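Below: the structure, in structure tokens.
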Amino acid sequence: MATPLIFAAMGGLLSERSGVMNIALEGLMLIGAFSAAAGAHYTGSPYLGLLIGAVAAGLTAIIHAVWCITLRGDQIVAGTALNLLGIGVPAFLLQRLFGTAGRSPAVDRLPSLTSGLNVLVPAAFLLAPLVFYFLFRTKPGLRVLAAGEHPRAAESVGVAVDRYRYACVIASGVLGGIGGAFLSIGDVSFFTTNMTNGRGFIALAAMVFGNWTPFGTLGAAIFFGAAQAVQIQAQATGVPVSKELIIALPYLLTLVALTGLVRNSTPPAGLGRHAAAD
Amino acid sequence: MLGGIGPALVSSVGAIAVALLVGAVVIVLSGDDPVVAYRALFRGAFGGVRPLSETLVAATPLVFGGLAFSLAYRAGMFNIGVEGQLVLGGLAAGWIGAQAFGLPRLLHLPLALAAALVVGGLWGALPGVLKARSGAHEVITTIMLNYLAARISAYAVGSNGPLKGSASLPATDPAQPSATLPRLVGDERVHAGILLALVAAGLLWYLLFRTTFGYRVRAVGLSRGAAAYAGIGWGRTITFAMLGSGMLAGLGGAAEVLGLQGRYYDRFSPGYGFTAIAIGLVGRNHPAGVVLAALVFGALNSGATAMQSAAGTSKELVQILQALVILAVAAFAAAGRLRLFAGRRVAGVGRRVPAGDRSAAVGMDPEIEARPQPPKV
Amino acid sequence: MRGIVKRFGEVVANGGIDLAVRRGEIHALLGENGAGKSTLMNILFGLYHPDEGEILVDGTPTHFSGPRDAVGAGLGMVHQHFMLIPRFTVTENVILGMEGTNPLRLDRRAAARRVAELGETYGLRVDPNALAADLPVGMQQRVEILRALYQGGRTLILDEPTALLTPQEVDDLYAILRRLTAAGGTIIFITHKLREIAAVSDRVTVIRRGRTVGTRTTAETSAPELAALMVGREVLLRVERPPAHPGEPVLVADGLTASGEHGGAALRGLDLTVRRGEIVGVCGVEGNGQTELVETLAGLRRPDGGRVLLKGRDVTGADPHAVRLAGLSYIPEDRHERGLVLGFSLAENVLLGNADDPPFSHGGRIDYDATAAVTRRLMTDFDVRAPSPATPASSLSGGNQQKLIIGRELHRHPDALLAVQPTRGLDVGAVEFVHRQLVAERDQGRGVLLISFDLDEILDLSDRIVVLFDGRIVGEFASGRVSRAELGLRMGGRGVDEPSLVA
């Protein structure tokens, strides 16, 4: 349950660490989920479908990058628009390509390696240390952090802030797209409208909850994923407690956590700021 | 003093035009005739009493939602929680409306609306309080509260839910006639909710631009530091702005339930609260702009079905159009800013700005550009 | 640089500037705020592109398309507002942009060693592993200089480098600059302070309104000549200030203690009295409790202990509006973040802090006609140049913005006035206006508390000068009876335990 959250949350982390707010994860995941299913349908290969899903979401993220970085528009506004696109475009294309409303034809799933786990599950867990190493142990990572903390300072020593931000936003699209693809061609074998059901936002919450650090985010994503798994278990076994309460638990916990535990959370200082704007 | 809606209006209209143009390209690419499609869309929205009625019906919750979003935005709060506030407001109104109190409409209807105001308002005030007290970012908390509201609704009118009606539907009992908003034109579905919405828009305008409360809201939204300097309590102001925002959203839910649906259904809102964000932004968070934007979006929605049946263009195109409108508005704002930076005269504004003073960009578009606080969680 | 022209739309920021800097010299660039110094330097550094003219390095025409090119040509910039990343260490800040060739591995330890070595070479000692945020201002500047050197800078541009330093730190900086030129480096030193020209430069180029008006050898010119070149007319360097006639105490801080932003004690039992009809100047190095003192007095911060008395009334812990009603007006340091709402019109800015009181509002309803009338009057009385009260504040120049704030704060006829850095970033004309206003307020029997990091401003205006160090007043002097050097020592904490010389 945590896998799509981890992918999306790491994407969000990269984008925000470079200084671009990305509330469009939900939309990017949907684009990824749909494109992966459609890609798998037409190519017959779930792996090619995964690739197509990742590329499509990455391309969509370019819209976010252009609006936020080049046009210096409001990042939440652009994210909101992308989230609407994430609902509208797949629905439109479902109608166009398959003549169906709400659900794509069935496709092959990503094959499982062992006991129902496909290749994306271990990949998700490797992602956090990878992102950590990139951000805190490499030269481009240092520049990403600089772009996110103080874009003007970074620019003044010749760091091409906009270029690093573009790369990070596109990476967040690719990762969000993979997270979405996991839902449509990993978890099940078809796409349904709005199938992410808020996971993009939960991923965002995981990133905030994890205080913008790779391992914190990983932990939060696993925690939220586990909460979802518990809720499904509880439903299946018919625990006498109201199922609505259990379903609501992750949201409630996130709220409590946000207001109680992470008082000292520190987002990147340059988040939402442009190199030239201050 | 009027909030500078003039130049903003020009760019919003331009944005809608650009979005329709891009939409036409999409239609062509998908093998249909854009002229046929748009003509059908237009006729489906404005061509006759029924289409007009349907446009107003579709616009009603959007006006409320857009106003709700705008009030919060003016205080510097990005209220993504309009949806949840609207849902719970509708639930409260639907439940009160369904009770057989034996009251006349003059009492029963206001009572149901008041319930929506209270519940929606409190649900909206909550993220305000949370931000004021512990700095929790409203974008995240309102998203969570949306999901909670959906769960509460599902529980309340789900099987064995405490507010569930006698029918085997996830819904309350039908509203008593004494609690419904009357229809305005014969059998058409347009109801008094649109009038309430217009009154709400007028009141919000007065509140924002003519009262000290509105002044405080706008000051806090544009500069938290300057507001503190003036002795304006930030936490109090954002909490009250969010309270008002939730009240407006709750009223929107009530209007939908008591004017259109006739009873509260779980999931009655197809995402009005999210479209409301677009409405607020396109309307530049000005009450008049919000009304106009809601009418345009309402027309798109009501014409969508006609377009699908006449031109074969999927009605989901409308959702894409709405996203395109938002992107276009943002792009227009950017273009305006760049023009201003060059020190040229801006149409309709009639003022010069010294070049090189980048802070001047803030004056261009206070609605969108001057969100003062970098997001902190 | 030859014949540099830069336009922003219709505004010409640089209208023909020539600047020739010789290798190994300290060349001062003198001009008023807004004369075009910063624009010129941004062109030189590749951040802007000139519309006309050319840049020659060692006689070769050169084109810089960005800072990277400028750095490549051996230029280094030390910005007025330091361009350091607070959450990065010194090493990370220094190496950013020149991290080495391996994209997959960043060797922080080796980099820290190199940074430390470089620091040793030029006498710029800093802990390479400290967080930039934890360093005092003078140290942060050293990091900036180190960074420029690390990146291969042989010609350093320093933009108003002394603005935030104590006199001692300024002396240290001069010493560093001389060491650098002795080692073959070249320095371009941007300033609008005449005193610094004589202290450090070899030659000086003066620019006015975007044009070069002359280059002089420092040893062969004089302060009045430079001042005349800079402003284009003879200026009085000092404000006329008749003797003060202090009356009864109007603003008293009694044993104030308060915590700072990060929790530590920022005010440690501060006592201060301002009487009617006097200007009390508070000098001190930034970060010794100025912010907390101002905020506590203005009602923006609740003190942990002690009292604030206004006209004998206890206003400790009252909110800013109540304090304002009780008779304290406050000209804040930061026009853009505190003093004004830039997105508001002038009239709406006049409402700031006044919105709840007549004649501006009645029963929660704002009277915009009355507000516009007051705004128009203030615009006339305080020479705020703007088309109308509906003009957005963001479109005004800094001087006009400050005049609007001063007008708003004085129109209430306060008993006490809190003026914090009231002339920061203003040109000479506006500075003069503000200083005159402050003296006029004093002469009308108001108590003025002036807090400034500009020692000249303190010396020029104050009737009494107090030194703030580490959250306490550590010295008090009558105007004219204290030397700059003595104040500098006190500001650095010397003589804290000795009895203060009350005059």
Side-chain angles (χ1 to χ4, degrees), chain A residues 21 23 27 63 66-67 70-78 80-96 101 193 198 201-202 204-205 208-209 211-212 242-245 247-248 250-252 254-255 258-260 262-263 265-267 269-273 276-278, chain B residues 26 30-31 78 80 126 130 133-137 139-141 143-148 150-152 154-156 158 160-161 271 274-275 277-278 281 308 313-327 329-331 333-335 337-338 358-359 361 368-369 371 374-377:
Chain A
M21 292 245 306
I23 67 161
I63 299 179
V66 169
W67 254 256
T70 307
L71 294 178
R72 310 218 180 290
D74 187 301
Q75 305 180 347
I76 295 181
V77 172
T80 305
L82 280 200
N83 284 333
L84 278 178
L85 276 184
I87 297 170
V89 169
F92 181 79
L93 290 177
L94 273 182
Q95 187 73 246
R96 222 353 88 190
T193 309
F201 292 117
I202 303 263
L204 208 62
V208 176
F209 196 47
N211 200 11
W212 285 268
S242 157
K243 80 169 199 239
E244 299 297 343
L245 182 70
I247 299 177
Y251 309 118
L252 212 54
T254 308
L255 267 179
L258 268 173
T259 54
V262 263
R263 272 166 186 250
S265 70
T266 36
L271 196 58
R273 294 207 181 153
D278 45 43
Chain B
V26 174
S30 65
F78 206 96
I80 294 188
L126 190 57
L130 291 177
R133 297 191 71 119
S134 56
H137 195 319
V139 167
I140 310 286
T141 55
I143 287 169
M144 297 301 140
L145 286 169
N146 280 342
Y147 286 108
L148 276 182
R151 280 4 288 178
I152 290 173
Y155 164 72
N160 302 323
F274 299 110
T275 315
I277 300 171
L281 296 172
Q308 181 159 1
T313 305
S314 162
K315 65 175 195 266
E316 274 76 21
L317 177 74
V318 164
Q319 249 162 341
I320 300 176
L321 282 180
Q322 292 176 348
L324 290 175
V325 169
I326 299 180
L327 287 174
V329 165
R337 212 165 40 243
L338 295 176
R358 287 162 196 254
S359 63
I368 289 196
E369 296 316 319
R371 300 202 333 108
K376 287 224 163 71
V377 178

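Both backbone and side-chain heavy atoms feed into the values below; hydrogens, waters and symmetry mates do not. Proteins come first, then strands; the chains are lettered A, B, ... in the order of their sequence lines, and each starts at number 1. Just so it is clear, the model here is predicted, and its values are computed rather than measured.
Counting only heavy atoms from C-beta outward, the side chains of A:Phe92 and B:Val26 approach each other to under 4.5 Å. Using a 4.5 Å heavy-atom threshold, the side chains of A:Asn83 and A:Phe201 count as touching.
At a 4.5 Å heavy-atom cutoff, the contact between B:Ile143 and chain A is made by side-chain atoms alone. Only the side chain of B:Val139 has a heavy atom closer than 4.5 Å to any heavy atom of chain A. Interface remark: B:Ile80 contributes side-chain atoms only to the contact with chain A (heavy atom separation under 4.5 Å). Within the 4.5 angstrom heavy-atom criterion, no atom of A:Leu94 approaches chain B. Of the atoms belonging to A:Leu93, not a single heavy atom falls under 4.5 Å from chain B. Residue B:Ile277 touches chain A through its side chain alone, counting heavy-atom pairs closer than 4.5 Å.
Taken from CD1 in A:Ile87 to CG in A:Leu82, the straight-line distance is 11.5 Å, to the nearest 0.5 Å.
One N or O on the side chain of A:Gln75 and one on the backbone of A:Met21 form a donor-acceptor pair closer than 3.5 Å.
Taking B:Thr141 as the reference, nothing meets the side-chain hydrogen bond (donor to acceptor under 3.5 Å, both in side chains) condition, with sequence neighbours excluded. Checked against side-chain hydrogen bond (donor to acceptor under 3.5 Å, both in side chains), B:Thr275 has no partners two or more places apart in sequence or in another chain.
Between chain B and the options A:Gly198, A:Ala78, A:Ala205, A:Gly27, heavy-atom pairs under 4.5 Å are most frequent for A:Gly198. Comparing B:Asn146, B:Thr313, B:Leu130, B:Leu148 by how many heavy-atom pairs each has under 4.5 Å with chain A, the most go to B:Leu148.
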